[in-house]
Novice: 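My questions all concern the structure below.
Bear in mind that the values here come from a model prediction, so they are computed numbers and not experimental data. Below, chains carry the letters A, B, ... as their sequence lines are ordered, and counting in each starts from 1.
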There are 2 protein chains.
Amino acid sequence: MPVETLIKEGDCLDVLQSQPSSSIDLMITSPPYADSRQSTYGGIHPDRYVEWFLPRAEQFLRVLKPTGSFVLNIKEKVVDGERHTYVLELILALRKQGWLWTEEYIWHKRNCYPGKWPNRFRDAWERCLHFTKEKKFKMNQDAVMIPMGDWAGSRLKSLGKNDVVRFDSKVGSGFGKNIANWVRRSMAYPTNVLHLATECGNRKHSAAFPPALPEWFIRVFTDLGDWILDPFAGSGTALKAAKGLGRNAMGIERCPEYCALAQEILNDAQLVLMQPESHYVTAL
Amino acid sequence: MPVETLIKEGDCLDVLQSQPSSSIDLMITSPPYADSRQSTYGGIHPDRYVEWFLPRAEQFLRVLKPTGSFVLNIKEKVVDGERHTYVLELILALRKQGWLWTEEYIWHKRNCYPGKWPNRFRDAWERCLHFTKEKKFKMNQDAVMIPMGDWAGSRLKSLGKNDVVRFDSKVGSGFGKNIANWVRRSMAYPTNVLHLATECGNRKHSAAFPPALPEWFIRVFTDLGDWILDPFAGSGTALKAAKGLGRNAMGIERCPEYCALAQEILNDAQLVLMQPESHYVTAL
DNA sequence: AGCTCTTATGAATCATTGA
DNA sequence: GTCAATGATTCATAAGAGC
């Protein structure tokens, strides 16, 4: 099943003008954080973050299908000793724009940056805000079930590589029935807390989320062949995840160097279904 | 070292009028959750939650010492398919009132309530909002260091009861020096994500937070002999934790039955320093 | 004592029913 | 219609029984 994977250079505010309405199934992105990467991204000042974001979000709202989802990975910076409020204000503003703030997932960063400050512990989590257009939206909960408890955990660990592949291929066409029976009994639905390690592999683009993050949301909120959009594509992590999972994807990125980097990464991307997966979510 | 533990019946808005200014080192509380059902006792409608909370927070601000902390355990409800925004609005309103929104800790509930819904996973986290009056405030980071990695974890498990007691007594007066050396090398500072199980024990009061939650913040933000206030004391979990850690505590509770229950629980409270602790924080 | 197995239940949420 | 009450769903713990 061939999928398209496009990268477009430019500001998503401009690029999306030519995108048809209601054409995207899932938007997932980690936008430029306020002021944090001034040198590379031309960071946005925290006090003006909402007004910068809103016109772009208006385009997002237009191109997203009614049953689609918008997942925004973001975390407020510390400014002057305090957590800045621009993320809170953004949520309120997006609701006024017509979005539904359906859920807030927590990405728990298992291996967060080391460091010590006198009045603060290490920051080990980020928000994954889930917005929708309608109360009813596409959601495939079975696609992200996790091993249940210790008993099942130890059983799963004893599985061979082939079993893992067949287990993983569940999302795709078929699912071995013999294994399905006891897997079903030993699997549980996840919660709204995701335990993922940060990946430090990508040196050229520092801010990207780990592939497991978009993978998880892509599995939950889209089917094979759906369209995924990352309006701040960066090095293309979400695009690669989409391609690997058999979804079409479009990325928009302002910086030409990141565009080139993303294109390069995408050329290496394979369908992950054919490989033992990266254990994107583990039971605690 | 004798400590005082008081319980006062009434609305904290009234009771605190007679409390001296700048007399409290730490406020930690889990306020009544917003509830759209009118029939439930004490339920505040989400749309009026902020206006209900603000005058009480004004008293909190007055009685708290300049170096003190205010920890607010709260989570927004789902209303009409959406996360309600009253918590976000409360944060913004508290900042206008003069509070600094210093940090947001995540309480990850390892054993959250079961259930399955078509558009939502189980809710496994709550906010612990940390407000202060000044940028510099009291913080004892060493008091909550955690075992680091598997090596230290397995070493700790092999310790006998006496070792555990001495290890635990670190927060108190003394700390065995022989064990201290290698413990120090194997301990790490925690992050702003707390992994605590909810407690199933308390049947009379539907168990706000588990004792480990206030314990953790009490260790971080207060010293022995400090004063702790819980303006919505419920069954007195925070008070008991404070007493057990050698801190003075005052609780305010509107419901007479909870007051009686809290008094009963406090009579059983011992200095936890003398007992093997409940492993309030585990490394992931 | 330890270990396995069973059972109860907890600040939940949604769809449905009835007033 | 809107609002309140009920049933169904479901998993990580603790506690207790049995060996």
Side-chain angles (χ1 to χ4, degrees), chain A residues 100-104 130 132 134-137 139 141-142 144-155 184-193 195 281-284, chain B residues 28-47 49 72-84 86-87 107-128 157 160-161 195-214 230 232-238 253-255 258 261 278-280 282 284:
Chain A
L100 299 179
W101 182 34
T102 297
E103 181 58 299
E104 179 170 344
H130 179 207
T132 61
E134 308 282 346
K135 286 185 199 170
K136 299 206 174 187
F137 49 89
M139 189 172 192
Q141 302 200 353
D142 288 346
V144 291
M145 293 184 86
I146 55 178
M148 185 171 63
D150 282 342
W151 173 80
S154 52
R155 283 288 295 270
R184 169 68 61 182
R185 281 200 303 271
S186 65
M187 301 293 278
Y189 291 103
T191 71
N192 55 4
V193 177
H195 303 275
V281 169
T282 60
L284 194 49
Chain B
I28 178 163
T29 194
S30 188
Y33 283 20
D35 201 336
S36 40
R37 291 171 301 183
Q38 294 292 346
S39 59
T40 311
Y41 167 80
I44 296 98
H45 195 281
D47 295 340
Y49 199 81
L72 184 61
N73 168 225
I74 197 169
K75 178 67 184 276
E76 51 271 72
K77 282 182 72 93
V78 171
V79 176
D80 206 19
E82 249 189 310
R83 290 286 168 193
H84 201 279
Y86 59 88
V87 174
W107 168 24
H108 170 226
K109 298 188 275 191
R110 286 199 54 176
N111 57 339
C112 62
Y113 209 98
K116 185 182 184 306
W117 309 272
N119 57 353
R120 190 171 296 282
F121 288 123
R122 289 173 297 146
D123 192 10
W125 66 278
E126 295 193 8
R127 307 177 194 278
C128 291
K157 273 183 188 166
K161 230 177 193 175
H195 302 274
L196 304 178
T198 58
E199 291 224 339
C200 314
N202 221 340
R203 289 179 197 165
K204 296 179 188 172
H205 183 266
S206 34
F209 37 51
L213 189 70
D230 184 347
F232 309 101
S235 59
T237 308
E253 172 55 46
R254 220 169 51 173
C255 171
Y258 288 159
L261 179 61
S278 50
H279 281 291
Y280 51 97
T282 60
L284 194 48

Novice: Tell me which of Lys136(A) and Gly115(B) sits closer to the 5' end of DNA chain C, going by the nucleotide each one is nearest to.
Specialist: Gly115(B)
Novice: dG18(D) and dA1(C): how far apart are their C1' atoms, nearest whole angstrom?
Specialist: 14 Å
Novice: Could you work out which one of dC14(C), dT10(D), dA11(C) sits closest to the side chain of Pro118(B)?
Specialist: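 Comparing dC14(C), dT10(D), dA11(C) against the side chain of Pro118(B), the answer is dC14(C).
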Novice: Can you check the Trp125(B) CH2 to dA11(C) P distance for me, whole Å?
Specialist: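 My rounded result for the distance is 18 Å.
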Novice: Categorize Arg83(B) for me: base, sugar-phosphate, or nothing, with a 4.0 angstrom heavy-atom threshold over every strand shown.
Specialist: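 It contacts sugar-phosphate atoms only.
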Novice: Flag the pair Asp123(B) and Lys109(B) as a salt bridge only when some basic side-chain nitrogen lies within less than 4.0 angstrom of an acidic carboxylate oxygen.
Specialist: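 No, this pair does not count.
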Novice: Take atom CG of Asp80(B) and atom P of dT13(C), then tell me their distance rounded to the nearest Å.
Specialist: 14 Å
Novice: Using side-chain heavy atoms (C-beta onward) and a distance below 4.5 Å, is Arg127(B) in contact with Glu104(A)?
Specialist: yes
Novice: Measure CG/Leu196(B) against C1'/dG10(C) and give the value in whole Å, please.
Specialist: 16 Å
Novice: To the side chain of Ala188(A), which of dA12(D), dT13(C), dG10(C) is closest?
Specialist: dA12(D)
Novice: Without decimals, in angstroms, what is the distance between Glu103(A) CD and dA12(C) C1'?
Specialist: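 Between C1' of dA12(C) and CD of Glu103(A): 12 Å.
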Novice: Show the nearest heavy-atom pair for residues Glu82(B) and Arg120(B), with the distance to one decimal.
Specialist: N-NH2, 4.4 Å
Novice: Measure NZ/Lys116(B) against P/dC11(D) and give the value in whole Å, please.
Specialist: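 Atom-to-atom, Lys116(B) to dC11(D), this comes out as 10 Å.
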Novice: Can you check whether Arg122(B) has a side-chain N or O nearer than 4.0 Å to OP1 or OP2 of dT13(C)?
Specialist: no
Novice: Does Val78(B) or Ser30(B) map to a spot on DNA chain C nearer the 5' end, using the closest nucleotide for each?
Specialist: Ser30(B)
Novice: What pattern of brackets, bars and dots sums up DNA chain D from 5' to 3', given Watson-Crick or G-U wobble pairs under 3.5 Å, [ ] for crossing pairs and | for another strand?
Specialist: .||||||||.|||||||||
Novice: Can you check the Asn119(B) CG to dA12(C) C1' distance for me, whole Å?
Specialist: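 One finds 13 Å between C1' of dA12(C) and CG of Asn119(B), rounded.
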Novice: How many Å lie between CD1 on Ile44(B) and C1' on dA11(C), as a whole number?
Specialist: 13 Å
Novice: Figure out the NZ/C1' separation between Lys109(B) and dG10(C), and round it to whole Å.
Specialist: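 Result: 10 Å.
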Novice: Aromatic contact between His130(A) and Phe137(A), with the criterion being ring centroids under 6.0 Å apart: yes or no?
Specialist: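 For His130(A) and Phe137(A), the ring centres are under 6.0 Å apart.
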Novice: OP1 or OP2 of dC14(C) less than 4.0 angstrom from a side-chain nitrogen or oxygen of Arg120(B), does that happen here?
Specialist: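 Result: yes.
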Novice: Which of these nucleotides, dC11(D), dA12(D), dT13(C), is closest to any side-chain atom of Tyr189(A)?
Specialist: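 Ranking dC11(D), dA12(D), dT13(C) by closest atom to the Tyr189(A) side chain puts dC11(D) first.
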Novice: Choosing from dC11(D), dT13(C), dA12(D), which nucleotide comes nearest the side chain of Pro114(B)?
Specialist: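 So the side chain of Pro114(B) is nearest to dC11(D).
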